[in-house]
Protein chains: 2
Amino acid sequence: MLTERRAAILGMVVSEYISTAEPVSSRAIVARHRLDLSTATIRNELARLEEDGYITQPYTSAGRVPSDLGYRTFVEMLMLEEPVEAQEQRTIEHQLHQVVGGLDEWLSLSATILAGSVGNAAVVTRPRAASSRLRHAQLVELNHDTALLVAVMDDGRVRQRMLPLQTPASQALLTERAVRLNARIEGADARLARSVASELADPDEAGTVRAIADLIDEQRIAEETFLDGLNSVLRQPEFLDADRMLEAVATLQTYRMRGLLEQTMDAQLGSTQVVIGHEHGDDSMQEWSMVISRYGDEDAIGTVAVIGPTRMPYHRTIPRVRYVARLMSHLLHEVRQS
Amino acid sequence: MLTERRAAILGMVVSEYISTAEPVSSRAIVARHRLDLSTATIRNELARLEEDGYITQPYTSAGRVPSDLGYRTFVEMLMLEEPVEAQEQRTIEHQLHQVVGGLDEWLSLSATILAGSVGNAAVVTRPRAASSRLRHAQLVELNHDTALLVAVMDDGRVRQRMLPLQTPASQALLTERAVRLNARIEGADARLARSVASELADPDEAGTVRAIADLIDEQRIAEETFLDGLNSVLRQPEFLDADRMLEAVATLQTYRMRGLLEQTMDAQLGSTQVVIGHEHGDDSMQEWSMVISRYGDEDAIGTVAVIGPTRMPYHRTIPRVRYVARLMSHLLHEVRQS
DNA sequence: GTTAGCACTCTCGACAGGAGAGTGCTAACC
DNA sequence: GGTTAGCACTCTCCTGTCGAGAGTGCTAAC
């Protein structure tokens with residue numbers, strides 16, 4: 001049972017560990033908070049906290065380190081969020097207004113700013129329509145047995161894919177086919193397109209529509225995800241030795257490819273979600289935490305997230321992710337107005 | 001003076017060091033090449049090579065390590081290029097044909113393949129028209145004192161930028177202005193646009209045209225550069241300790257931003273250029289080498305490059321960069337046909 | 001010009017020892 | 001029962017030493 005005092009001590013352990021990255025000793029706790037208790041008493045409480053799984057020892061007779069459960073408890077009930085002060089807000093807004101380019105540059109800059117503000121890596125994904133639909137598809141002859149399929153979505157995305165043909169087709173034929181297929185699936189979502197595909201007799205036509213369905217669904221993670229702050233993360237003491245650092249780079253790179261979306265399907269716009277260590281299904285993410293938020297509006301939603309070791313300043317990160325997400329929603333709205 | 005024998009020995013030192021990453025001893029040379037000379041003789045020659053600046057010793061009485069001059073000499077006159085065998089060509093082509101998406105995905109995949117093939121990082125930049133011209137510009141009202149400038153180039157690039165206005169302007173006014181300015185600068189290159197800008201009396205109009213000129217010139221490095229193989233590079237023994245690895249990540253990241261183009265302005269299409277260590281002007285690149293090639297055609301040119309430590313298998317890297325660049329030129333041509 | 005021999009230098013890994021940090025436990029205390 | 005002083009114990013980490021090993025430069029002889 002987590003008594004009030006034990007909870008307080010847990011909070012001290014977690015925040016101390018977050019800021020020092022060193023196992024926290026009973027003495028450090030007493031000293032830092034000028035407690036009117038002896039180290040022995042603290043040690044007794046620490047033993048209980050360890051028994052209950054909130055903290056662990058790296059080795060016998062070292063200080064204590066929070067477990068994932070410890071962090072979770074900290075986030076849920078112990079921490080005091082550190083608000084984004086007016087000064088910092090101004091700095092962030094100022095940087096964000098430096099953008100001279102288009103959406104992509106803006107997203108990339110957002111990731112950079114967020115990463116800088118929290119000292120960990122940040123990821124921003126491009127906003128996407130909740131469920132996109134096909135506006136128009138086109139077929140272009142590449143050579144005698146390959147066509148290029150170009151699909152324009154109603155949220156303005158343009159996707160293309162090479163399409164092998166079973167039966168060679170001229171440009172005229174392809175154009176005619178595109179007109180015919182457009183008539184059937186314009187405005188369709190991926191599901192409808194797939195059901196149409198299954199009704200088509202001609203294998204090339206069916207293939208084309210299936211490809212279109214894929215394109216509607218497709219999340220081109222690599223191109224739609226902006227990652228920055230690799231440097232900041234790698235500077236964290238958990239990656240002091242080269243092997244771990246290498247592993248970290250690999251994790252972040254592959255993670256970038258895989259994308260965050262699957263994890264955050266259920267995140268509400270405006271809320272901020274925290275995933276700590278083993279709470280990721282993924283084995284390679286056991287030592288990482290993410291703070292995730294959505295931004296955008298009903299039309300299109302993107303993701304903002306911070307990634308770092310589980311020893312992360314949640315009390316700073318969470319409000320900052322939330323703030324940036326909100327800011328981005330606003331700015332996106334402003335731009336959309338036009 | 002570099003006698004023939006000394007040159008041969010230098011070649012052995014360089015290639016041995018490239019493959020083992022360990023300082024090369026006189027004994028290793030004799031043993032590896034079954035020379036009919038004693039180690040003492042080799043030592044004498046090594047001393048001369050060191051005197052002449054081709055090799056150095058990390059510390060007294062360690063083996064020898066090539067200097068930048070040593071690598072340069074190796075590349076220029078000693079190495080035997082290792083051709084890309086038919087089997088490897090097939091593998092590369094096969095991978096490259098996996099692309100289902102558009103140009104960007106294709107470029108990003110090319111970087112990945114090249115990086116994998118040579119075991120170092122690879123960079124690919126998007127092909128750009130040698131000198132682009134404006135096709136059409138548009139002004140959109142964002143709010144009362146900001147407009148969005150959208151410029152379409154004749155090579156199909158679309159660039160946008162927010163434009164602060166000195167005098168507020170309605171959408172009607174902006175549209176009218178765009179029509180007027182288009183009439184004057186459609187088809188203009190950056191230089192012509194700038195000279196037109198200097199003739200305009202209205203500061204907002206002059207500002208707009210200047211911004212257009214910038215956009216024509218602009219190389220949005222961050223978005224136009226595809227980097228892969230960070231992992232491969234970091235696995236090289238030169239980055240065994242964490243500090244160096246951190247430095248390497250930083251270098252590659254900033255390098256990515258800065259782009260390669262300035263370095264390669266003079267590179268001819270089809271030729272392959274090698275820049276070794278201090279030959280970069282840049283301080284942070286003293287320990288890096290690059291193998292650079294251009295691809296594309298008269299209409300648009302991009303860059304393919306491999307980046308790694310100066311201890312790089314030049315004899316493998318150079319032909320592979322050249323091969324990939326050629327392949328990309330072909331494929332680009334094929335796609336352009338359509 | 002080549003080579004054997006040898007003294008010398010420097011690195012690197014292993015090992016031991018000691019300081020330091022921190023714990024758990026016990027017994028006494030309030 | 002909770003609290004605490006005291007203490008033995010454990011584990012890490014730093015330091016210094018030592019010897020093996022690798023490789024060189026030099027000298028003198030071929």
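Being a predicted model, the structure only gives us computed values, none of them experimental. Letters go in sequence order (proteins before strands), and every chain restarts at 1.
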J.: Could you check how far CD of E16(A) sits from P of dG22(C), rounded to whole Å?
T.: 11 Å

J.: May I have the distance from E51(A) (atom CD) to dG24(C) (atom P), rounded to whole angstrom?
T.: 11 Å

J.: Choose from dC11(D), dG24(C), dA4(C) the nucleotide whose nearest atom is closest to any side-chain atom of A40(B).
T.: dA4(C)

J.: Would you indicate, yes or no, if dG22(C) has its OP1 or OP2 atom less than 4.0 angstrom from a side-chain nitrogen or oxygen of R43(A)?
T.: no

J.: Look at all strands and tell whether T39(B) reaches a base, only sugar-phosphate, or nothing, counting heavy atoms closer than 4.0 Å.
T.: nothing

J.: Can you check whether S38(B) has a side-chain N or O nearer than 4.0 Å to OP1 or OP2 of dT2(C)?
T.: no

J.: I want to check one thing: is the phosphate of dT3(D), taken as OP1 and OP2, less than 4.0 Å away from some side-chain N or O of R5(A)?
T.: yes

J.: For I42(A) and dG2(D), what is the distance between atoms CD1 and P respectively, to the nearest whole Å?
T.: 15 Å

J.: Would you say a side-chain N or O of S26(B) is under 4.0 Å from OP1 or OP2 of dT24(D)?
T.: yes

J.: Using whole Å, what does the distance between atom C1' of nucleotide dC10(C) and atom CD of Q57(B) come to?
T.: 11 Å

J.: Side chains of V249(A) and M245(B): does their closest heavy-atom pair fall under 4.5 Å?
T.: no

J.: Among dG23(D), dT23(C), dT3(D), find the nucleotide with the atom closest to the side chain of S25(B).
T.: dG23(D)

J.: Looking at the side chain of N44(B), which of dA21(C), dT3(C), dT23(C) is the nearest nucleotide?
T.: dT3(C)

J.: Apply salt bridge (charged side-chain N to carboxylate O under 4.0 Å, His left out) to E81(B) and R322(B), showing your working.
T.: CA-CA 11 Å; E81(B) 287 194 6; R322(B) 191 188 300 131; 3.0 Å; yes

J.: Which residue lies toward the 5' end of DNA chain C, T41(B) or T60(B), if each is placed at its nearest nucleotide?
T.: T41(B)

J.: Hey, are the side chains of Q95(A) and T112(A) touching, using non-hydrogen atoms and a 4.5 Å cut-off?
T.: no

J.: Write down the partner of dC26(D) under the Watson-Crick or G-U wobble criteria, each distance required to be under 3.5 Å.
T.: dG5(C)

J.: I need the CZ-C1' distance between R32(B) and dG23(D), as an integer number of Å.
T.: 18 Å

J.: Return the value, rounded to whole Å, for the distance between atom CD of E45(A) and atom P of dT4(D).
T.: 11 Å

J.: In whole angstrom, give the distance that lies between atom CG of D241(A) and atom P of dC13(D).
T.: 12 Å

J.: Of all the choices, dT24(D), dG23(D), dT12(D), which nucleotide is nearest to the side chain of L46(B) once you look at every atom?
T.: dT24(D)

J.: Searching all strands shown, indicate the nucleotide that pairs with dG16(D) (Watson-Crick or G-U wobble; both distances under 3.5 Å).
T.: dC15(C)

J.: Checking side-chain contact (heavy atoms from CB on, under 4.5 Å) between L46(B) and each of I29(B), T41(B), T39(B), which is the one that passes?
T.: I29(B)

J.: Look at the side chain of S117(B) and the backbone N and O of I113(B), then say whether any donor-acceptor pair between them is shorter than 3.5 Å.
T.: no

J.: Between P on dG25(D) and CG on L49(B), what's the gap in Å once rounded to a whole number?
T.: 12 Å

J.: Side chain of R27(B) only, heavy atoms from C-beta on: which candidate in dT3(D), dG23(D), dT11(C) is closest?
T.: dG23(D)

J.: Hey, are E50(A) and R64(A) close enough for a salt bridge, meaning a charged N less than 4.0 Å from a carboxylate O?
T.: yes

J.: Which nucleotide sits closest to the side chain of L37(A): dT3(D), dC11(D), dG24(C)?
T.: dT3(D)

